[in-house]
Protein chains: 2
Amino acid sequence: MSTFQGARERARREVTAAIKDEARRRVAAEGAPRLSLRAVARELGMASSALYRYFPSRDDLLTALIVDAYDAMGEAAEAGLAAAPRTDPGARWVRVCGAVRDWGLANPHEFGLVHGTPIPGYAAPRDTEQPGVRVPLALLAVAREAHEDGLLGRPAWGVTPEPVRADTKAVAAEFAPELPEPAVAALLAAWAQLIGLVSFEVFGQYNGAITAHEVFFAHAAHRLAVEVGVAAGPAAS
Amino acid sequence: MSTFQGARERARREVTAAIKDEARRRVAAEGAPRLSLRAVARELGMASSALYRYFPSRDDLLTALIVDAYDAMGEAAEAGLAAAPRTDPGARWVRVCGAVRDWGLANPHEFGLVHGTPIPGYAAPRDTEQPGVRVPLALLAVAREAHEDGLLGRPAWGVTPEPVRADTKAVAAEFAPELPEPAVAALLAAWAQLIGLVSFEVFGQYNGAITAHEVFFAHAAHRLAVEVGVAAGPAAS
DNA sequence: CGATTTCAAGAGCACCGCTCTCGTTTTTGA
DNA sequence: TCAAAAACGAGAGCGGTGCTCTTGAAATCG
């Protein structure tokens, strides 16, 4: 019966979750590079070798944490997307950006896991690709649905240089065939710039130059919206 | 005599430099987190314990590498500043941005050292502060000198929300008292966004969405220039 | 020259990722 | 039902790590 043969599977899921939880705690305390399987095992009261029944290597455990982080960040972005009406793309864009920021500030180490220095010799497996695009897809959804509703303004980005158009056309073809090309190009740049803004705050790179973080970020996010064309005018909210 | 008592000092400087060089090589090969003092010592043919005569701890060695990286990146930015005439602030801005990008692409691991995930438990000492602001100061120099020459246009950034003005005024007071406040605010955001753009490229975060990296970056940098006010119009060069 | 400081080296501690072996428990299938 | 197979936890062990302590040699200083 599935009740019985599921007993082991359920136990396995629980232990797996416990390992990941403890690993997350260790990452928060010591940093991803110093994540120690032995310390996780010690904290869980099991032999270090037993962990290898659940994750064949330390990198596999890290991959699981990365996938979870991508999913959590993507989920936050999608929640931000749903938190504002389609009728106001500018506000929606700022909401999505703010959701990414809030998630990053609440989970700095997990943010570092996906947007910090890549771990050398660690090649992200396919499993991370799909969850890895949830945030940019949420941003793209704002522009796409704004365009569908006739609310997409003229992107401030302007005319994209020729060699880039092949890239943006490929992206558009896969995710938003109707979307004007400049908006796609501006969106990709805005994505990178958004992560830059969040990184600076999460990693403390402003070094004290900015203290009114929230307002500063909101204005910068609004400017990105103007750049993409989902909001108009230089004025803040 | 300084020739004799300098013998030891010179030897010390040479060994110190050799250690840093080898450490940089190891960081490039294995990543900063996995930097191993023992491996450095082994490669240099000395006992691992001997390294501690030069760097009291692994973190101190990392700090030295970080300071060097900041200086190298700052130097590159300043060289970009000098490579274009004051009469064309827009081109100058793009040059500085491009210099930062080029340096990051040429030295990805050192870039990660200063703009990647911070190492937990590692507090950047004062020594890193001054070299750490060379890049933003180069960006600021573009705007400041453009303003001095009457070449600073209206920043697209618009009116900065009130609570941020205290921050920007403090920055302006220290580094560019004459510079209009919106330009300072836009500049700080542009700095973070620039690093975001470079990070995405250096760390491979675009995941294939962009292939015409150079042109894409140049256009994005030009857009940042417009945002700050050192270039006008949406057209690319 | 003698005293003092500087340096390299070795041994050792506690930790790490990972492998292998060895009993034990659970699941499976004839 | 009951043996075969699979999954599991624990322990020992390998080579590696950062770092400390001690020892002895070399360079500098008074």
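Below, chains carry the letters A, B, ... as their sequence lines are ordered, and counting in each starts from 1. What you see is a predicted model; the values in this text were computed from it and never measured.
In this structure the side chain of Glu201(A) reaches within 4.5 angstrom of the side chain of Leu105(A), judged on heavy atoms.
Whole-Å rounding puts the Glu43(B) CD to dG16(D) C1' distance at 15 Å. In this entry the distance linking CZ of Arg13(A) with P of dA7(D) reads 16 Å, nearest Å. The CZ-C1' distance, from Arg12(A) to dG9(D), rounds to 13 Å in whole Å. The CG-P distance, from Leu61(A) to dC16(C), rounds to 14 Å in whole Å. Between the CG atom of Leu51(B) and the P atom of dC7(C) there is a distance of 13 Å, rounded to whole Å. Glu30(A) has its CD atom 19 Å from the P atom of dT17(D), to the nearest Å. Across the protein-nucleic acid pair, Leu62(A) atom CG and dC16(C) atom C1' stand 14 Å apart, rounded to whole Å. When rounded to the nearest whole Å, the span between CD of Glu14(B) and C1' of dA8(C) equals 17 Å.
Under 3.5 Å, the side chains of Ser57(A) and Asp60(A) contain a donor-acceptor pair of N or O atoms.
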Q) Quick one: what's the B/S/- string for nucleotides 17-23 of chain C, heavy-atom cutoff under 4.0 Å, read 5' to 3'? A) BBBB---
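With sequence neighbours left out, the salt bridge (Lys or Arg N to Asp or Glu O under 4.0 Å) criterion links Arg42(A) to no other residue. Under the rule for a side-chain contact (heavy atoms from CB on, under 4.5 Å), the partners of Tyr54(A) that lie at least two apart in sequence or sit in another chain are Arg12(A), Val15(A), Thr16(A), Ile19(A).
Interatomic distance, Ile66(B) CD1 to Glu110(B) CD, rounded to the nearest 0.5 Å: 11.0 Å.
Regarding contacts with the backbone of dA7(D), every side-chain N or O of Tyr54(A) stays at 4.0 angstrom or more from both OP1 and OP2.
The aromatic rings of His115(B) and Phe200(A) sit parallel, their planes meeting at an angle under 30°, below the 60° perpendicular limit.
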